[in-house]
Amino acid sequence: MSNSSSRTLPHTAPPNIIQGGMGIGVSSWRLARRVAQRGEIGVVSGTGIDAVVVRELQEGDPHGRRRVLADYPDTAIADDLIDRFYRPEGRAPGAAYDLLKMHGFEPSPRSQRLLAAATYTEVRLATEGHDGLVGLNLLAKLKRYTLPCIYGALLAGVDIVSIGAGIPMEEARQIPRLAAGAPAELGLDVDTSQAPDTDASFTYSFDPSDVLDDPPTLDRPLFLPIVSSDVLARILNTKLPDDHVDGWVVETPVAGGHNAPPRNKNYAADDTPIYDERDEADLEALRALGKPFYLAGGYGSPCGLRFARSVGAAGIQVGSLFSLTDESGYPEGTTRRLVRRLHRGDISVSTEGRVSSTGFPFKVLTAEDTLADDAVYDERRRVCDLGYLREPYLDAKGRLMGRCPAEPVKTYTSRGGDPAEAEGRACLCNALLANIGHAQRRADGPEPPLFTGGDALEDLPLGSAENPQYDADDVIDYLYGEYRPKTGRAGWTEHPRPRPAD
Ligand SMILES: Cc1cc2nc3c(=O)[nH]c(=O)nc-3n(C[C@H](O)[C@H](O)[C@H](O)COP(=O)(O)O)c2cc1C
């Protein structure tokens with residue numbers, strides 16, 4: 001299934017730095033674009049991107065999504081998206097956002113087309129004005145979003161797809177199919193305990209011909225699975241045809257976002273995962289696989305980059321430092337506040353075993369006024385109206401449904417969920433949208449945020465309490481050991497490195 005042409009990572013001199021994908025909307029197109037302009041790899045996040053786009057349209061379209069939607073080949077869905085959600089005057093003060101219909105496990109073609117169109121806008125904006133490499137990041141756990149997102153990204157000419165939080169075996173096989181314009185599907189792991197007599201298997205299907213009458217043959221993007229160990233990389237390498245994986249990102253548990261569960265399954269009484277030497281990847285074994293690999297999780301420093309190169313890695317993937325740049329998806333006031341508080345030591349990083357409905361450990365910034373604060377957590381009324389993390393189950397009538405342990409506990413148990421599973425979960429869907437300035441309004445106030453970031457943020461090398469600001473160029477200069485602190489907004493010194501023109 002591959003009459004589409006493939007991209008290749010320049011083996012002799014692949015970029016040294018991947019700016020990691022950060023959902024929801026943190027690794028914005030602005031960040032990815034700037035990083036790609038600098039000759040490194042910029043990655044946008046596909047997670048929750050449809051919600052981001054419909055909220056931006058309701059805010060009056062500050063990033064010009066409508067301009068790029070005008071070029072989207074599925075013109076009917078582009079018009080539908082704009083007609084339904086665009087508010088030229090922005091949202092009325094205090095008004096709640098209108099929501100997309102939840103993307104189900106057997107979604108309508110319309111829902112898939114909207115998701116593909118939204119992803120297209122993010123990738124298209126990131127690729128404009130340069131020839132650098134732009135990637136799309138997705139989470140394997142969120143299976144039902146993967147195929148339409150990748151298809152929209154392919155239509156925008158994405159160079160790379162990276163998938164973490166799970167084992168993206170099937171995804172690797174489906175990417176070339178999508179590039180060839182062929183239907184694709186992913187197996188769903190459905191809890192059938194309420195309908196024990198069923199022996200059905202379940203798949204999520206997506207057909208490019210639901211988007212376009214005559215789907216074109218598109219370039220196959222590079223595929224970089226994000227793995228936590230050489231063991232996983234070896235499994236993928238053995239089971240997949242050689243041309244399905246182009247390299248690896250190997251991530252340690254000090255990285256921001258979700259982390260792999262500890263291999264020994266050990267958790268402390270407060271649910272903090274306990275990692276040991278079994279969670280350390282064997283870099284020699286990775287190198288032996290013969291593909292470029294990048295080290296992620298605590299490598300965001302000049303010495304991390306030097307170390308990576310010294311062990312034969314192509315470079316490093318960095319998220320935490322980029323997450324607080326001017327170009328990230330956080331509103332300016334948020335990055336300033338977080339940078340200042342981190343420098344003052346008011347915020348620490350903790351690894352929470354229970355907070356994420358995915359069941360994966362999640363790094364949390366212990367900032368006040370967020371769900372990391374017990375009082376804020378306890379005060380929030382549970383609502384599940386976005387549903388990205390819902391898991392599929394078959395109800396007693398044999399219907400394929402979804403439930404999430406962060407939804408109201410009564411609802412969760414009525415759907416067959418174990419109440420013990422619901423304990424301590426936070427609604428990441430609403431919180432992560434709140435982080436990027438798109439908090440849903442409720443009768444009792446806006447949804448509270450919950451920030452994530454890796455251990456690296458506890459010793460932030462950029463910005464300061466007095467001048468809590470830095471940008472993507474600063475991060476790249478810093479990683480190359482060429483960063484010179486600026487001297488305050490008015491007197492910022494020139495950058496020491498020549499940079500490509502905007
Ligand atoms: C705010 C934030 C959100 C993240 N979200 C994702 C995500 O959606 N998908 C993913 O694969 N990795 C995610 N990550 C991990 C980064 O892509 C990257 O691999 C990691 O941050 C690298 O380690 P570092 O945190 O030490 O820089 C996230 C990291 C941060 C800081």
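Whatever order the structure lists ligands and atoms in, that order sets their numbers, starting from 1.
Heavy atoms of Tyr330 found under 4.0 angstrom from ligand 1 belong exclusively to the side chain. Contacts between His258 and ligand 1 below 4.0 angstrom, taking non-hydrogen atoms only, are absent altogether. When heavy-atom distances to ligand 1 are checked against a 4.0 Å cut-off, Thr452 comes that close through both its backbone and its side chain.
In summary, Arg173 and Glu170 do not engage in a salt bridge, as defined by a charged side-chain N under 4.0 Å from a carboxylate O.
Within the 3.5 Å criterion, the main-chain N or O of Glu407 finds a donor-acceptor partner in the side chain of Arg382.
Ring to ring, Tyr145 and His103 are close: their centroids are under 6.0 angstrom apart. If you look at Phe206 and Tyr151, their ring centroids are closer than 6.0 Å.
Checked against a 3.5 angstrom limit, the closest N/O atoms of Gly23 and ligand 1 fall inside it. Between Ser323 and ligand 1, no pair of N/O atoms sits closer than 3.5 Å. Ligand 1 has a nitrogen or oxygen under 3.5 angstrom from a nitrogen or oxygen of Gly297.
Within the cation-pi definition used here (under 6.0 Å to the ring centroid, within 45° of the axis), Arg144 qualifies as a partner of Phe105.
Among Gly256, Gly25, Gly20, Ala255, the residue whose heavy atom sits closest to atom 15 (C) of ligand 1 is Gly256. Residue nearest to atom 16 (C) of ligand 1, selected from Gly257, Ala296, Gly21: Gly21 (by heavy-atom distance). One option in Glu251, Gln317, Met22 has a heavy atom closer to atom 30 (C) of ligand 1 than any other, and that option is Met22.
If you check the side chains of Asn264 and Tyr275, you find no donor sitting under 3.5 Å from an acceptor.
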